[in-house]
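In what follows, every chain begins at residue 1, and chains take the letters A, B, ... in the order their sequences are listed. Small disclaimer: the values here were computed from a predicted structure and weren't measured.
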Amino acid sequence: MKSNYAVMKAELCLERQGFFVGRKQLETVKKYTEKYMLEKTYNPTTFEHDLYYFWMKQGYFTPKAEIGKPYFSIVSPPPNITGQLHIGHGLDNAIMDTIVRFKRMQGFNTLWLPGTDHASIATEVKIVEQLKKEGIDKRDLGREKFLERAWQWKEQYGGRIVEQLKKLGSSCDWSRLSFTMDEKCSEAVRKQFVSMYKKGLIYRGNRIINWCPVCKTALSDAEVEYSEQDGYFWHYGYTTSDGKTTVTFATTRPETMLGDTAVAVNPNDPRYTHLVGKTVIVPFVNREIPVIADEYVDMEFGTGVVKITPAHDPNDFEVGVRHNLPVIRVMNDDGTMNENAGEFAGLDRYEARKRIVARLKEMGILQKVEPHKHNVGSCYRCHTTVEPIVSKQWFVKMQPLAEPAIKAVRDGEITFHPERFAKTYFNWMENIKDWCISRQLWWGHRIPVWYCEDCGAEICEETDPTVCPKCGSEHIHQDEDVLDTWFSSALWPFSTLGYYRGSDDFKAFFPTSVLSCGYDIIFFWVARMIFSSLYATGQVPFRHVLMHGIVRDEQGRKMSKSLGNGVDPVEFIDKYGTDTLRFALINGVANGSDIRFAPDKIDGTRNFMNKVWNASRFVLMNAEGKALVPLDECKLTLADKWILTKLNDAVQTVTELLEKYELGMASQTLYDFVWSEFCDWYIEFTKPVLYGTDEIARRDTLSVLCYVLDEILKLLHPFAPCITEEIYQSTPNHGESIMIARFPEYDQAHCFADDCNLVEELKELVTKIRNIRSEYGVAPSKRIRLYVAATDERIRQCDVYLTKLCNLEEVVFESAPAGDKTVKAVGTAATCEVPLGDLVDKDKEIERLTKELENVNGEITRAESKLSNPGFLAKAPAQLVENEKAKLTKYRDLKAQLESRLGELK
RNA sequence: GGAGGCAUAGCUCAGUUGGUUAGAGCGCUCGCUUCACAUGCGAGAGGUCGUAGGUUCGAGUCCUACUGUCUCUACCA
């Protein structure tokens with residue numbers, strides 16, 4: 001059958017050879033498509049790219065917005081435009097594509113919406129670096145020119161990452177590609193901000209925020225990373241104004257003393273009660289400050305005295321508010337000391353620290369220096385130590401937003417996979433502080449607030465004002481700051497679907513079905529999407545959250561640039577293909593756990609793909625040019641019934657697992673089914689028929705082979721899209737594309753439990769006979785005779801299988817002649833005798849059978865003790881008891897056989 | 001300080017409402033150019049499921065404590 005894919009492939013092939021494809025080439029194309037067959041070796045690079053082109057061209061990725069139709073939708077976590085594809089994206093996309101392809105094949109109207117993130121601070125840092133190399137300072141360039149550069153950057157790098165994502169084979173709808181700063185998303189940001197502002201959920205205020213002196217911007221709490229560092233405790237004190245005593249404390253940041261406005265003790269601390277209300281003098285700045293009493297001070301810790309710097313410490317700030325203390329900032333935005341620092345003004349914060357310590361020592365004030373490990377916060381972008389600084393910033397009031405967000409998860413409107421991440425979520429949401437959303441940057445959504453220079457009014461509307469609505473003044477200016485990049489990401493599920501424009505996409509695909517991302521961005525992103533969506537749309541943004549872990553290297557280390565242990569997905573795909581990458585990342589991995597991406601695993605996966613390829617070649621080579629019939633017209637063999645039953649089991653298991661988003665187990669099920677059942681056994685079972693002379697039997701077996709292969713390809717397609725499509729296009733009677741084929745469904749007509757059991761018994765016998773051959777060193781090429789005493793008469797149907805799989809010259813269904821020296825294989829369905837003549841070693845045989853008997857005895861003991869337990873009989877499910885009884889019977893039979901054989905030998 | 005994860009074969013890890021003789025890959029041993037595949041085939045060795053209790057007819061799985069280990073979170077100056 002000529003397919004669109006084959007035609008396209010032929011066209012591409014001709015084009016590459018420099019041909020123009022027109023009517024004249026039709027004959028050539030025809031010739032090519034008729035002969036189109038699988039290449040001899042699996043070489044993914046020869047077809048993956050073409051396949052993707054084909055899918056795109058066919059428009060399979062682009063659903064129509066059909067309101068009311070059963071849908072399945074995912075919005076991609078938008079990668080930053082700063083970056084390039086890394087293995088984490090590979091994992092993310094592998095997971096999403098697997099789910100999306102599965103749902104699409106199940107018939108859902110499926111949308112996977114991709115996009116990129118402007119990544120305000122991250123991108124700005126990069127551009128500033130780039131400018132620096134050119135000797136340009138951001139300030140000199142000016143805001144407007146800088147933004148031009150930024151948009152250029154976006155075009156260049158945003159485009160690059162999209163191209164790289166396509167290499168993964170992701171079936172996302174590129175026609176709906178979004179960007180956090182495109183018109184649609186910016187509009188959503190504006191409307192959301194204005195709405196929240198008007199409801200009082202966004203406010204401006206003086207608070208302690210985390211300040212990055214290099215990026216020169218405020219950061220949210222989530223953007224600060226803490227790490228333990230070696231520091232010191234400097235012990236010294238301030239003398240009371242009357243000069244009588246000195247109150248001693250310890251500090252890790254002596255430079256902040258210049259901004260001290262009090263010294264605090266615990267009100268219940270008898271050591272200091274007499275000092276409360278007195279004043280002390282801060283050296284260098286000679287400021288007289290009070291000794292105050294506040295519960296915040298821990299009497300047990302240090303000396304029980306704390307110096308209070310409201311402008312540079314969050315706790316001190318709170319204390320300052322309670323006691324109405326002055327707030328004195330001693331640092332500039334770049335981390336140098338300001339004019340309030342007296343003689344230290346102008347020095348870098350660390351230089352000032354050094355000098356202050358030296359001066360304290362000189363003055364004899366410093367009493368003790370102690371090494372001290374403490375946690376220091378640093379900027380998540382540039383890793384500079386952040387400085388807590390009091391500053392006027394914009395905040396989102398979190399309490400009213402957190403409550404419904406907690407409720408939605410508690411009520412099960414959103415489910416986390418695995419569940420434990422809900423706890424992490426609650427933990428954070430329940431202790432959340434207001435979110436600082438203003439950034440002193442240029443690249444991003446500018447805060448839509450204008451200030452009137454004449455009347456001081458604050459103007460926040462959906463459209464830009466030209467005059468002050470209060471006093472009519474034209475002297476208004478917009479806030480200089482931009483929004484935290486996560487503010488726009490938080491709207492992503494509904495901004496991209498056009499919620500604020502009332503678009504059909506939103507009506508057809510919202511709430512989205514699943515969100516898939518790494519657990520490292522629960523706080524940054526997942527939590528914020530939930531409360532933002534509940535606020536804006538009144539609905540949850542997604543029903544399920546599927547969390548995955550971090551991809552690590554062979555030794556379990558995080559992949560990082562500095563370690564140079566990262567795997568470049570693009571290079572990897574060029575070498576192994578995307579199917580191997582994806583499968584290796586998913587197969588056998590439990591949700592939410594980190595993944596070790598080791599060479600072993602890669603080889604194993606590549607080998608599996610190769611296995612699939614070659615098994616398919618086996619089927620297709622044999623089927624080539626042969627007539628096939630539908631299954632219900634076939635006379636099914638025992639092996640056929642067995643594989644169909646096993647396939648049915650696989651279909652059921654895989655579907656159930658995929659529906660629960662257990663991708664790792666689903667793919668493992670397929671891996672085992674394909675390799676250990678289909679390849680290792682079924683293909684071998686078919687060989688006697690395929691190489692036999694019965695034409696009808698051959699036709700029927702081929703029909704089953706092709707059917708099972710087809711089903712396998714479809715089951716495997718979500719996990720390994722390319723190889724499955726490539727093979728599918730070569731199967732007889734295939735459809736247009738496997739992507740749009742129906743996902744296999746459980747089929748009651750293909751359930752043959754009894755035959756299936758018989759084959760399992762056959763397999764058991766085969767293994768035992770092979771074991772004997774191996775143990776006795778019978779050359780694999782040597783054909784031997786086998787005597788079979790059947791305990792299950794049906795085993796007589798299996799002579800061809802036994803002959804083939806054990807390499808026999810003959811199967812005789814009777815006991816071996818009395819004089820023959822044989823070795824016995826005792827199985828459930830039969831006892832087989834392998835005549836080995838002088839090879840038979842009596843002692844070895846006794847040893848072998850005794851060991852087997854011990855095993856069987858162990859089983860009998862176990863089963864008997866279970867069955868003699870009244871509690872088990874009374875409470876265990878009936879089926880389980882029945883199974884146990886059947887087993888006991890079986891093992892008793894085996895025991896009898898083994899004992900009789902041992903008796904003969906002795 | 002708070003929360004959570006993990007501990008199963010030599011290594012890396014599966015094991016979802018408790019229920020066959022606890023699995024896989026790699027590694028290891030032995031044997032095979034068997035006409036889809038040596039990126040392969042066949043056979044095999046290897047685990048008292050971290051420790052101690054408890055619940056149960058039944059525990060790798062549930063509960064408690066402990067030990068070791070990792071992560072997140074808080075930020076006691």
If you only use heavy atoms from C-beta on, which nucleotide in [options] is closest to the side chain of [X]?
X: A/D600; options: B/G42, B/C26, B/A36; result: B/C26
X: A/N607; options: B/A36, B/U39, B/G4; result: B/U39
X: A/H372; options: B/A74, B/A36, B/A77; result: B/A77
X: A/R770; options: B/A77, B/G19, B/G42; result: B/G42
X: A/K423; options: B/G4, B/U56, B/G44; result: B/G4
X: A/M621; options: B/A36, B/G42, B/A24; result: B/A36
X: A/D680; options: B/G5, B/A14, B/G42; result: B/G42

At less than 4.0 Å, is any side-chain N or O atom of [X] found next to OP1 or OP2 of [N]? Yes or no.
X: A/W675; N: B/C41; value: yes
X: A/K782; N: B/G42; value: no
X: A/K687; N: B/A36; value: yes

Response to the item:
Of A/P780 and A/V589, the one whose closest nucleotide on RNA chain B sits nearer the 5' end is A/V589
Response to the item:
Note: for A/R552 and A/R617 on RNA chain B, the residue whose nearest nucleotide lies more 5' is A/R617
Item to complete: Determine which bases of RNA chain B form Watson-Crick or G-U wobble pairs with both distances under 3.5 Å, and write the result as a 5' to 3' dot-bracket string with | for other-strand partners.
Response: (((((((..((((.....[...)))).(((((.......))))).....(((((..]....))))))))))))....
Discussion item. Taking only the P atom of each, what is the distance from B/U56 to B/C63 in whole angstrom?
Written reply: 16 Å
Worksheet item: Can you find a pair of side-chain heavy atoms, one from A/I602 and one from A/Y576, that are under 4.5 Å apart?
Response: yes
Discussion item. Using a 4.0 Å heavy-atom cut-off, does A/E228 contact any base of the nucleic acid, only the sugar-phosphate backbone, or nothing at all?
Written reply: nothing
Worksheet item: Which part of the nucleic acid, if any, lies within contact of A/L657, taking any heavy atom under 4.0 Å across all strands shown: a base, the sugar-phosphate backbone alone, or nothing?
Response: base
Worksheet item: How many Å lie between CG on A/D553 and P on B/C11, as a whole number?
Response: 18 Å
Discussion item. Distance check needed: B/A45 P versus A/R848 CZ, whole Å only.
Written reply: 12 Å
In terms of side-chain geometry, is the basic nitrogen of [X] or [Y] positioned less than 4.0 Å from the acidic oxygen of its partner?
X: A/R596; Y: A/D553; result: no
X: A/K307; Y: A/D316; result: no
X: A/E387; Y: A/R253; result: yes

Fill in: Side-chain-base donor-acceptor pair under 3.5 Å for A/N375 and B/C75
yes
Worksheet item: Any donor-acceptor pair under 3.5 Å between the side chain of A/K887 and the base of B/U20?
Response: no
